[in-house]
*Asks:* 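I have a structure here, written as structure tokens, and I will follow up with some questions on it.
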Amino acid sequence: VTAAVGTISILGGTGPLGRGLALRWVAAGYDVVVGSRSADRADETAAELSERLGSGKTMRGAENADAVQRADILVVAVPYQGQRPLLESVGGDIGDRLVVNVVNPVAFDDLGPARAEVPGGSASEECQEMLPEASVVSAFKSIPARKLAEIGTSLDCDTFICGDDETALERTSELVESIDGLRPVVCRPLRLSREIEGLTPLLIAVNRRYKAHSALRVIGLPQRT
Ligand SMILES: NC(=O)c1ccc[n+]([C@@H]2O[C@H](COP(=O)([O-])OP(=O)(O)OC[C@H]3O[C@@H](n4cnc5c(N)ncnc54)[C@H](OP(=O)(O)O)[C@@H]3O)[C@@H](O)[C@H]2O)c1
């Protein structure tokens, strides 16, 4: 599996979600680069996470543009407000690669969390529009970063993944299944990411009310989805 996937670079990999994915994937045997706007922050994060993993399992850090150069697969893991500037600066080098988009546009006001205004429909569709040659897949949007970081524990939940390209969906499913207890629920086309991203304010409100780290489970599916 590892050889077929190659190197995964996580842009914005210094945040809670990127760190959790990096930990889980390196533990599963993948080659991971933690990307950041700052090479120093990337190196520090990679060193800290490698130490946490122990047993010789390591990852590297790189400034986002370098992380793109080294990648076979890219993960966009920055806040929605950072996605456009990030892709404007490094998008030209991404080409036709698989880009996994985990970005949730969420806004907060007095009433709590709500969907942020997204002119292109969803963060993933805007990402695809900015990277016309790439295969963008929406994934990992409704999973709690906190649980992801608890390596050795099962996530015991599902993640919707959606995109327009079947091969990209299959490759992303492999990445999802490499994480203990995480099941991909696959749907097409990419525009369904609007619905997936819309679940996030709902889950945040639930988490606030119940002081929890909730996640989703779809029932009624056959054993393999
Ligand atoms: N947290 C969760 O439970 C969760 C779950 C599912 C999906 N998500 C989504 O995954 C993405 C990352 O989540 P997170 O909680 O890890 O976010 P975060 O900590 O706010 O941001 C992740 C990283 O993005 C970089 N960044 C911040 N602002 C940026 C900007 N304006 N331009 C470029 N890079 C910027 C920072 O890295 P450097 O400063 O090192 O560059 C930061 O460490 C978000 O879109 C979020 O909605 C989060």
Side-chain angles (χ1 to χ4, degrees), residues 8-25 32-49 59-68 74-91 94 99-108 113-118 120 122-127 130 136-150 155 157-162 172 175-176 179 182 184-185 193-208 211-216:
I8 308 167
S9 283
I10 306 175
L11 308 178
T14 54
L17 205 268
R19 293 163 71 100
L21 289 174
L23 282 167
R24 294 281 180 161
W25 283 331
V32 172
V33 175
V34 174
S36 166
R37 288 168 295 183
S38 145
D40 286 347
R41 202 153 50 238
D43 288 342
E44 280 162 26
T45 305
E48 184 202 317
L49 297 178
M59 63 191 86
R60 294 162 291 158
E63 198 270 324
N64 285 326
D66 289 341
V68 167
L74 287 147
V75 179
V76 178
V78 297
Y80 174 64
Q81 293 70 15
Q83 172 171 283
R84 187 164 293 276
L86 170 74
L87 296 179
E88 274 166 1
S89 73
V90 304
I94 291 179
V99 175
V100 178
N101 187 292
V102 307
V103 177
N104 281 314
V106 185
F108 293 87
R115 294 179 66 163
E117 184 105 17
V118 180
S122 65
S124 292
E125 288 168 279
E126 289 188 348
C127 179
M130 294 190 73
V136 175
V137 173
S138 185
F140 305 104
K141 301 221 181 199
S142 312
I143 59 171
R146 170 97 162 248
K147 279 199 76 180
L148 205 54
E150 291 168 8
L155 259 80
C157 67
D158 293 339
T159 182
F160 285 111
I161 72 174
C162 75
T172 308
L175 295 178
V176 170
I179 297 175
L182 191 60
V185 176
S193 193
R194 299 171 192 197
E195 275 58 56
I196 297 171
E197 292 170 24
L199 294 169
T200 299
L202 182 67
L203 287 173
I204 293 172
V206 167
N207 289 343
R208 284 182 166 186
K211 299 187 179 13
H213 301 283
S214 62
L216 298 174

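In listed order, ligands and their atoms are each counted from 1. All values reported here derive from a predicted model rather than from experimental measurement.
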*Asks:* Indicate yes or no: does an N/O atom of Val103 lie under 3.5 Å from an N/O atom of ligand 1?
*Replies:*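 N/O-N/O distance under 3.5 Å: no.
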*Asks:* Among all protein heavy atoms in this structure, tell me which lies nearest to atom 31 (N) of ligand 1, with the distance rounded to 0.1 Å.
*Replies:*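 Checking every protein heavy atom, the shortest distance to atom 31 (N) of ligand 1 gives Gly82 CA, 3.5 Å.
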*Asks:* Under 4.0 Å from ligand 1, counting heavy atoms only, is it the side chain of Leu86, its backbone, both or neither?
*Replies:*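 None of Leu86 does.
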*Asks:* What's the separation between atom CZ in Arg84 and atom CD in Glu126, rounded to the nearest 0.5 Å?
*Replies:*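 Here the rounded value is 5.0 Å.
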*Asks:* Is Pro85 close enough to touch ligand 1? Criterion: a residue heavy atom under 4.0 Å from a ligand atom.
*Replies:*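 It does not; every heavy atom stays at 4.0 Å or beyond.
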*Asks:* So is Lys141 polar-close to ligand 1, meaning N/O to N/O under 3.5 Å?
*Replies:*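 Between Lys141 and ligand 1, no N or O pair is found under 3.5 Å apart.
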*Asks:* Ignoring angles and geometry beyond distance, decide whether Gln81 reaches within less than 3.5 Å of ligand 1 through its nitrogen or oxygen atoms.
*Replies:*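 Among all N and O atoms of Gln81, none is under 3.5 Å from an N or O of ligand 1.
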*Asks:* Mind checking whether Ile143 contacts ligand 1 via backbone (N, CA, C, O), side chain (CB onward), both or neither, at a 4.0 Å heavy-atom cut-off?
*Replies:*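 Within the 4.0 Å criterion, Ile143 contacts ligand 1 through backbone atoms alone.
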*Asks:* Side chains of Val102 and Ile143: does their closest heavy-atom pair fall under 4.5 Å?
*Replies:*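 No, every pair of side-chain atoms sits at 4.5 Å or beyond.
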*Asks:* Output the distance between atom CG (Leu49) and atom CZ (Arg19), rounded to the nearest 0.5 Å.
*Replies:*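 Taking CG in Leu49 and CZ in Arg19, the distance rounds to 5.0 Å.
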*Asks:* Check whether any side-chain heavy atom of Pro113 lies under 4.5 Å from a side-chain heavy atom of Arg208, and answer yes or no.
*Replies:*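 Yes, side chains in contact.
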*Asks:* Go through the steps to decide whether Val106 and Phe108 satisfy the test side-chain contact (heavy atoms from CB on, under 4.5 Å), and finish with yes or no.
*Replies:* CA-CA 7 Å; Val106 185; Phe108 293 87; 3.9 Å; yes
*Asks:* Can you check whether Asn101 reaches Gln83 side chain to side chain, under 4.5 Å on heavy atoms?
*Replies:*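 Yes, close enough: below the 4.5 Å cut-off.
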*Asks:* Give the residue and atom name of whichever protein heavy atom lies nearest to atom 42 (C) of ligand 1, and the separation in Å to one decimal.
*Replies:*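 For this ligand atom, the closest protein heavy atom is Thr14 OG1, 3.7 Å.
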*Asks:* In terms of residue, atom name and distance, what is the protein heavy atom nearest to atom 17 (O) of ligand 1?
*Replies:*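 Protein heavy atom at minimum distance: Pro16 CD, 4.3 Å.
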*Asks:* Is any N or O atom of Arg37, backbone or side chain, closer than 3.5 Å to an N or O atom of ligand 1?
*Replies:*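 By distance alone, the answer is yes.
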*Asks:* Would Val78 count as being in polar contact with ligand 1, using the rule that some N or O on each side must be under 3.5 angstrom apart?
*Replies:*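 Checking ligand 1 against Val78, an N or O pair does fall under 3.5 Å apart.
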*Asks:* Working to the nearest 0.5 angstrom, can you tell me the gap between Arg115 CZ and Leu199 CG?
*Replies:*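 Separation between the atoms: 9.0 Å.
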*Asks:* Could you list the atoms of ligand 1 found under 4.0 angstrom from a heavy atom of Val102?
*Replies:*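 Contacts of ligand 1 toward Val102, numbered from 1: 7 (C), 8 (N), 9 (C), 10 (O).
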*Asks:* At what distance, to the nearest 0.5 angstrom, does CG of Asp40 lie from OG1 of Thr14?
*Replies:*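 Taking CG in Asp40 and OG1 in Thr14, the distance rounds to 12.5 Å.
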*Asks:* Can you tell me which residue and heavy atom of the protein come closest to atom 24 (O) of ligand 1, and the distance to 0.1 Å?
*Replies:*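 Ranked first by proximity to atom 24 (O) of ligand 1 is Pro79 CD, 3.5 Å.
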*Asks:* Where the closest heavy atom to atom 39 (O) of ligand 1 is concerned, which of Arg84, Arg41, His213 has it?
*Replies:*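 Ranked by closest heavy atom to atom 39 (O) of ligand 1, first place is Arg41.
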*Asks:* May I ask you to check whether Ala145 has an N/O atom sitting below 3.5 Å from an N/O atom of ligand 1?
*Replies:*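 Yes, since at least one N or O of Ala145 sits under 3.5 Å from an N or O of ligand 1.
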*Asks:* Among all protein heavy atoms, pick the one closest to atom 22 (C) of ligand 1 and tell me residue, atom and distance.
*Replies:*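 It is Ala77 O, 3.4 Å.
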*Asks:* Around atom CD of Glu117, are there more than 12 heavy atoms from other residues, nucleotides or ligands closer than 6.0 Å?
*Replies:*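 Counting neighbours around CD of Glu117, 12 or fewer heavy atoms of other residues, nucleotides or ligands fall under 6.0 Å, so no.
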*Asks:* As an exercise, state the distance from CD of Glu44 to OG of Ser36, rounded to the nearest 0.5 Å.
*Replies:*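 If we round to the nearest 0.5 Å, Glu44:CD and Ser36:OG are 9.0 Å apart.
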*Asks:* With atoms numbered from 1 as shown, which atoms in ligand 1 lie under 4.0 angstrom from a non-hydrogen atom of Ser36?
*Replies:*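 Here the atoms of ligand 1 in question are 38 (P), 40 (O), 41 (O).
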*Asks:* For Asn104, is at least one N or O under 3.5 Å away from an N or O on ligand 1?
*Replies:*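 N/O-N/O distance under 3.5 Å: yes.
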*Asks:* Return yes when Ser38 approaches ligand 1 closer than 4.0 angstrom through a heavy atom, no otherwise.
*Replies:*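 Contact absent.
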*Asks:* Tell me the protein heavy atom at minimum distance from atom 23 (C) of ligand 1, and give that distance in Å.
*Replies:*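 Going atom by atom, the protein heavy atom closest to atom 23 (C) of ligand 1 ends up being Gly12 O, 3.4 Å.
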*Asks:* Using distance alone, determine whether Leu17 and ligand 1 share an N or O pair under 3.5 Å.
*Replies:*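 The answer is yes, given that Leu17 and ligand 1 share an N or O pair closer than 3.5 Å.
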*Asks:* Side chains of Glu195 and Cys162: does their closest heavy-atom pair fall under 4.5 Å?
*Replies:*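 No, their side chains stay 4.5 Å or more apart.
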*Asks:* Considering only heavy atoms from C-beta outward, does the side chain of Ile179 approach that of Phe140 to under 4.5 Å?
*Replies:*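 In short, these two side chains touch, coming nearer than 4.5 Å.
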*Asks:* Which atoms of ligand 1 have any heavy atom of Phe140 under 4.0 Å away?
*Replies:*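 Those qualifying, in numeric order: 6 (C), 7 (C).
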*Asks:* What distance separates Asn104 CG from Leu17 CG, expressed to the nearest 0.5 Å?
*Replies:*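 Taking CG in Asn104 and CG in Leu17, the distance rounds to 8.0 Å.
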